[in-house]
Chemist: 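Here's a structure for you.
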Number of protein chains: 2
Amino acid sequence: MIDIQLFKWYSFARLVYTNLAIEPPTPPRGGTMKKSSNRDETSKPVYVQIAENLLDQIESGDLSPGDRLPPERELSEKFGVNRQTLRRALKKLELQGLLTRRQGAGTFVSEPKIEQRAEVVISFTKNMQRRGYVPGAEIVKFKKQSAEKSVADALGLSSSDLVYSIFRLRLINQAPVLLERLTIPAHRFPQFERHDLSKRSLYEVMETEYGVTITRARQSLEPVIALDYEAEILHVLPGAALMLQRRLSFDQNEQPIEYGKDLYRGDRFRFVTEIAPLEI
Amino acid sequence: MIDIQLFKWYSFARLVYTNLAIEPPTPPRGGTMKKSSNRDETSKPVYVQIAENLLDQIESGDLSPGDRLPPERELSEKFGVNRQTLRRALKKLELQGLLTRRQGAGTFVSEPKIEQRAEVVISFTKNMQRRGYVPGAEIVKFKKQSAEKSVADALGLSSSDLVYSIFRLRLINQAPVLLERLTIPAHRFPQFERHDLSKRSLYEVMETEYGVTITRARQSLEPVIALDYEAEILHVLPGAALMLQRRLSFDQNEQPIEYGKDLYRGDRFRFVTEIAPLEI
DNA sequence: GAGTGGTCTAGACCACTGG
DNA sequence: CAGTGGTCTAGACCACTCC
């Protein structure tokens, strides 16, 4: 074990939310709510739109950690919705760890935690930037080939179907920390080789170029030993401990769309979960 | 690696829910509400009580996987609550993976999955039994001693304070799979050595003997390499991959009450998470 | 005591699944 | 088409915090 311990905390989780902002509501009754800006995601529930609007305000810095939000009754009036609806939006953000609510006291923007919740989905790049690191990426392999059986099964393909197989090395402050190995069905992403994944987010490309949005994923974690090739590329000793994260992602139509086997350096990452009773 | 692969799937998570059933909430309206058993947690929100009631029915087999529940409007009438309140209970169970709801179709008891959600808290014993395995436990070490600094800090103790340091080996079908190493403050648990942790659940003892309930926990996962001692006791080769799960648990008063460092055999466990957009 | 979030009710309309 | 879950509203009372 040679390696320094630059940072130790991290959450897995990947990409995936679109920051639709809401147009402030034409009020009540007949249920209005302008549809938001771009895309045809017009029909999102109001509480989701409000949550996204508030998220924008937090991310843009309009709302800073420690700030108290206006009372619910006031906020609901501002957004032109019922208090219940507003509370649903707040709950969503609270479950993501972005807001803290204290009965009798108020609703506050959370202090940024060192660790993010493992269950919240966010991009590697954004995650690292929030922690003040400079993320990077490097394509190690990019091939169009026929899928191996286990992967084909997971993606619902036959073994004669073509897939893109991509190895991407992720860097933090120039140092390799994560080897992404992912497979996507070629027929869903024609000409995928045109896009530069060393500069762009995979999910961003999927969404903007192909209209594919990842809505959910199932993933698992296992500890594994670094093989020679993996050790070399991640700059650890063979036999070092790595975290293998398998992932099957689904698109908006519930179709499996990406199969990933990511290898994290065990000395640089820790996967954090908060276990709490589910209060909805 | 000599070991067989008896089973591969598992979720971490530990114990913690008490199956309190609801006290007949004195129906504010025309309500009914079946009651069940013990304790005076009378003041739980109605939706929590309903969720626990339904959970009981699922666990007892009154509701079987695949069964369709009555429509929400009917259920809410049965429980004597508003539909919104009932829906909150259903949502809670849905988030735990116990129910599946399909718009237009109905609410169904989920087929038992091989893996449980990583975020849901459940006891090792119960978890294994659900999978048809025979869990066991063996006390490896049981000492009252002064806390080491890092642990004392986590538990909010001074280094002169005494703690119980307990190593417990967990078995599945007689084979060792998990080495639990946990620390609890001695002053909160007087005479703790009287209890037989090879037969009883730690959390069950805490609750019934000391009135301490674990309400939430913060935990992390890291891959590590088996040291000689660990390898021997877990029946793996030195250098094998293990999963280290650190855990800090809090009681009902938000006091840190247990510090754990559990070692899972990497070849026998996989830690699963579902990543999905939070719809509340 | 005033003000906050937490819970609950009653009723409505919508979107989707199914025969 | 009838019936299901999904969303939203209007209004109420409670539990807690803080001055």
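Letters go in sequence order (proteins before strands), and every chain restarts at 1.
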Chemist: Leu86(A) CG to dT7(C) C1': how many Å, rounded?
Modeler: 16 Å
Chemist: Starting from C1' on dG3(C), measure out to CD on Glu74(A) and report it in whole angstrom.
Modeler: 12 Å
Chemist: What string of B, S and - do you get for nucleotides 14-19 of chain D 5' to 3' if you count protein non-hydrogen atoms under 4.0 Å?
Modeler: -BBBS-
Chemist: For dT4(D), does OP1 or OP2 lie under 4.0 Å from any side-chain N or O of Thr107(B)?
Modeler: no
Chemist: CZ of Arg87(A) versus P of dC8(D): gap in Å, rounded?
Modeler: 15 Å
Chemist: Take atom CD of Glu72(A) and atom P of dC8(D), then tell me their distance rounded to the nearest Å.
Modeler: 16 Å
Chemist: When you check the gap from the basic side-chain N to the acidic O, do Glu77(B) and Arg83(B) get nearer than 4.0 Å?
Modeler: no
Chemist: Ion pair present between Arg246(A) and Asp262(A), side-chain N to carboxylate O less than 4.0 angstrom?
Modeler: no
Chemist: Under 4.0 Å between a side-chain nitrogen and a carboxylate oxygen: does that hold for Glu254(B) and Arg216(B)?
Modeler: yes
Chemist: With ring centroids as reference points, do Tyr210(B) and Phe192(B) lie under 6.0 angstrom apart?
Modeler: yes
Chemist: Specify the separation, in whole Å, of atom NZ of Lys91(A) and atom P of dC8(D).
Modeler: 17 Å
Chemist: Which nucleotide in the set dT4(C), dG5(D), dG11(C) lies at the smallest distance from any side-chain heavy atom of Pro71(A)?
Modeler: dT4(C)
Chemist: Looking only at the side chains, is there a donor atom on one of Thr208(A) and Arg200(A) sitting less than 3.5 Å from an acceptor on the other?
Modeler: yes
Chemist: When the nearest nucleotide of DNA chain C is assigned to Asn82(B) and to Arg88(B) on a heavy-atom basis, which residue is associated with the more 5' position?
Modeler: Arg88(B)
Chemist: Just compare dC8(D), dG5(D), dG5(C) and give me whichever is closest to any side-chain atom of Arg101(B).
Modeler: dG5(D)
Chemist: Just how far, in rounded Å, is C1' of dT7(C) from CZ of Phe79(B)?
Modeler: 17 Å
Chemist: Could you summarise the pairing of DNA chain C as dot-bracket text, marking Watson-Crick and G-U pairs under 3.5 Å with ( ) or [ ] inside the strand and | across strands?
Modeler: ||||||||||||||||.|.
Chemist: When the distance from NZ of Lys44(A) to P of dC8(D) is rounded to whole Å, what number comes out?
Modeler: 13 Å
Chemist: For the pair Ser64(B) (side chain) and Asp67(B) (backbone), establish whether a donor and an acceptor sit closer than 3.5 Å, ignoring hydrogens and angles.
Modeler: no
Chemist: Any side-chain heavy-atom pair from Glu72(A) and Leu90(A) closer than 4.5 angstrom?
Modeler: yes
Chemist: Would you please confirm or rule out a distance under 4.0 Å between OP1 or OP2 of dT9(D) and any side-chain N or O of Thr85(A)?
Modeler: yes
Chemist: Verify whether one side chain among Asn53(B) and Gln57(B) offers a donor that lies under 3.5 Å from an acceptor in the other.
Modeler: yes
Chemist: Counting N and O atoms only, with roles assigned by atom type, does the side chain of Gln49(B) sit under 3.5 Å from a partner on the main chain of Lys44(B), one being a donor and the other an acceptor?
Modeler: yes
Chemist: Atom CD of Gln84(B) to atom P of dA12(C): distance rounded to whole Å?
Modeler: 14 Å
Chemist: Of the candidate nucleotides dT9(D), dC8(D), dC13(C), which contains the atom at the shortest distance from the side chain of Arg83(B)?
Modeler: dC13(C)
